[in-house]
Amino acid sequence: MLIDAYNAVRARVDEACARAGRPPEAVKLLAVSKTKPAEDIAELCAAGVTAFAENKVGELCGKQDILTDEGLEWHLIGHLQSNKIKYLARRPVALIHSVDSLHLLDELQKAGEKFGRVWPILIEVNIGREESKTGCDPNDTRLLAEEALKRPNLALQGLMCVAPAVNDPEEARPFFAALRVLRDEIAQFAPDCRELSMGMSGDFEVAVEEGATLVRVGSLIFGARDYSKQA
Ligand SMILES: *Cc1c(COP(=O)(O)O)cnc(C)c1O
C-alpha cells in the first residue's frame, strides 16, 4: 500500500524535525507523483493525503482533469517553459517552485495580469552551480527576489533547490545550509519569503534538519520511476 510508504517517510520527517527542535507542522511533505498514474494519486487521496507535486505542465493538467477534488494541493516543481504558462490559466497551482530567470518573472507577470491571478512562486537556485541543473546562480538570487517583489501578480514565498547528487546525504548538508542563508538574507526585505523547498528521497532528512519547510519525495513513496514508457 502506497500509504504505508508515505507514512514511513512522514515518520522520518517527524523524527528529523525532533532532532532539529522543530515542530512537525513546520514541514509539509509533498508526494512527487510525476510519471505515476492518476490511480496511484487517487489511492493516496483516499487515505487522506492532499499535497502532490508534478514536474510537467501537461502531466499536471492531465491528472487534474481526472482528480477533481478541490481539497487537493498541486505543486509545480519542474522547469517551467514560458510557452506552457497559458495552460495554467485556470488551473489550481498551490506553488510554482521553479522560477529561475528574469524572463520567467516577466512572462508570469504578463500571464498573471491577463488571467487575473497572482502566482505564488519560489525562486529555484542552482545551489551547487552544476552545469546540468536549472536554477539561478546563487549570486543572482537576491536580484531575482527584488525583481519578483516589483511585480504585483507574483507572490514570492521562498526558495527551492535540488542539491547535487551525493553518495552520503551528509554531503548535501552544506548546500541546504547555504540555501537557508540566502533565504534569511532575502527575508530581510521580503518578509513573505519564508519557504525552503529542499530535500528529496535521498536527502530529505538532512534537508529538514537544515530548515526545509517543503520536502519533495517521489520514489520512496511511489517506487522507482519507469521512463521507458514515456513518449
Ligand atoms: C523528481 C523530483 C523530485 C523527487 O525525487 P525523488 O528522488 O524520487 O524523491 C523532487 N524534486 C524535483 C524537482 C523532482 O524533479
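All ligand and atom numbering here is 1-based and tracks the order in the structure.
Close contacts between ligand 1 and Val217 involve ligand atoms 9 (O) [criterion: under 4.0 Å to a heavy atom]. Using a 4.0 Å cut-off to heavy atoms of Gly218, the atoms of ligand 1 that qualify are 4 (C), 6 (P), 8 (O), 9 (O). The distance from ligand 1 to the heavy atoms of Ile77 drops below 4.0 Å at these ligand atoms: 11 (N), 12 (C), 13 (C), 14 (C). Close approach of ligand 1 to Ser201 is summarised as follows: ligand atoms under 4.0 Å from at least one heavy atom of the residue are 6 (P), 7 (O), 8 (O), 9 (O).
Not a single heavy atom of His97 sits under 4.0 Å from any atom of ligand 1. Not a single heavy atom of Leu220 sits under 4.0 Å from any atom of ligand 1.
Relative ring orientation between His97 and His75 is described as perpendicular, the plane-to-plane angle rising above 60° on a 0-90° scale split at 30° and 60°.
Between the choices Met160, Lys34, Arg225, Arg216, the shortest heavy-atom distance to atom 10 (C) of ligand 1 belongs to Arg216.
Protein heavy atom in closest approach to atom 5 (O) of ligand 1: Met200 CE, 3.5 Å.
A donor-acceptor pair shorter than 3.5 Å cannot be found between the side chains of Gln157 and Asp192. One side chain, Glu195 or Thr213, offers a donor N or O that lies under 3.5 Å from an acceptor on the other.
For the salt bridge (Lys or Arg N to Asp or Glu O under 4.0 Å) with Glu54, the lone residue among Lys36, Lys63, Arg216 that qualifies is Lys63.
Using a 4.5 Å heavy-atom threshold, the side chains of Phe189 and Glu146 count as touching.
A salt bridge links Glu205 to Arg12: one of the charged nitrogens lies within less than 4.0 Å of a carboxylate oxygen.
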